[in-house]
Student: 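Quick one: the structure is below, and I'll ask about it shortly.
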Amino acid sequence: MPTLTQRQLDGFHEDGFIFPVEALTENEAGGLRDTVLQHLADCRRRGGARAALAFGPKVHLLARWAHRLVRHPALLEIAESMLGPDILVWGTQIFVKEPHGSTDLAWHQDALTYDLDAEGRLAAFRVWLALTHTTAENGTMRFAAGTHRDGIHTHRRAPELNGMLRGDEAVLDETEFVRHDVVLRPGQCSLHDMLVVHGSGLNRTEETRVTFAIDYLAPSARPSSGQDSALLVQGEDTHGHFVLEEAPKDDLSDETLARCSDAVRMRMARLQAMEEERKKSGVLTHG
Ligand code: NI
């Protein structure tokens with residue numbers, strides 16, 4: 001049975017996001033927070049490609065706990081009620097905000113850099129799962145309601161803050177939308193459309209903020225150009241647009257790392273070619 005109500009689904013289509021959505025228990029989320037921090041420490045200690053790939057974009061190919069998480073029954077139920085019974089996972093990413101850290105994210109659309117096409121109905125969305133409390137004070141994500149309806153906005157290089165790079169920034173009038181801070185307790189998540197404009201603030205608290213993002217796709221989604229891979233987590237791959245990934249057999253071994261690196265390289269090659277196109281067409285203005 002789908003876990004999302006019609007009201008939640010309508011809200012997603014109206015605003016481009018919904019939250020809070022119940023997913024894990026607070027206990028499960030607390031355990032996962034510890035696992036994530038241990039994973040990051042292990043990757044940092046071993047260095048090299050492990051350190052480079054520790055945060056993503058495909059943690060589910062690097063460690064078994066992440067592979068189990070993307071198949072968590074509660075998350076699959078959410079994905080099924082959004083996409084239907086056939087489900088792929090394209091990306092997984094860890095977000096950590098250190099106490100009093102200096103990282104925030106400018107307003108942006110994920111679609112700018114994901115370059116996925118979908119026919120007709122919704123074929124892709126992102127789960128953003130809280131493994132600690134997320135609040136306005138600890139730099140939670142914020143959404144600009146309804147901005148998924150205007151296609152891809154022009155983005156420019158965001159001005160630096162305290163010498164930190166903040167990614168590409170969507171050019172938009174902040175007075176024209178309602179802003180929503182994603183306040184969640186551990187185990188709850190938000191869901192968002194790849195076209196909705198969002199960003200995040202600074203962590204001004206004493207606590208580390210940890211979240212985990214998963215990109216679920218219907219098999220009808222496809223890379224706009226080039227080859228890419230995804231993991232089938234439920235049902236069938238009815239379209240064959242993606243090279244199918246294999247579950248990791250262990251955590252961080254050389255073989256597992258090599259498979260993850262190959263998948264990430266395939267994705268990055270495709271997306272870099274796309275970024276050049278976007279610069280040529282003027283959607284991305286740098287400088
Ligand atoms: Ni984003």
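What you see below is based on every heavy atom in this structure, not just the backbone, and it leaves out hydrogens, waters and symmetry mates. What you see is a predicted model, and the numbers here were worked out from it, not measured in a lab. Order of listing sets the numbers, starting from 1, for every ligand and every atom in it.
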Student: Any donor and acceptor pair, going by atom type alone, linking the side chain of Arg209 with main-chain N or O of Gly139 inside 3.5 Å?
Tutor: yes
Student: Using a cut-off of 2.8 Å, count how many protein N, O or S atoms are strictly closer to the Ni ion (ligand 1).
Tutor: 3
Student: For Trp90, does the six-membered ring have the charged nitrogen or CZ of Arg126 within the cation-pi criterion, i.e. under 6.0 angstrom from the centroid and within 45° of the normal?
Tutor: no
Student: Is there a salt bridge (Lys or Arg N to Asp or Glu O under 4.0 Å) between Arg270 and Asp228? Walk through the geometry before answering.
Tutor: CA-CA 7 Å; Arg270 176 174 86 78; Asp228 207 333; 2.8 Å; yes
Student: Name the orientation class of the two ring planes belonging to Phe19 and Phe143 (parallel below 30°, tilted from 30 to 60°, perpendicular beyond 60°).
Tutor: tilted
Student: Can His148 and Gln109 be counted as having a side-chain donor-acceptor contact under 3.5 angstrom?
Tutor: no
Student: The criterion is salt bridge (charged side-chain N to carboxylate O under 4.0 Å, His left out); which residues satisfy it with Asp86, sequence neighbours excluded?
Tutor: none
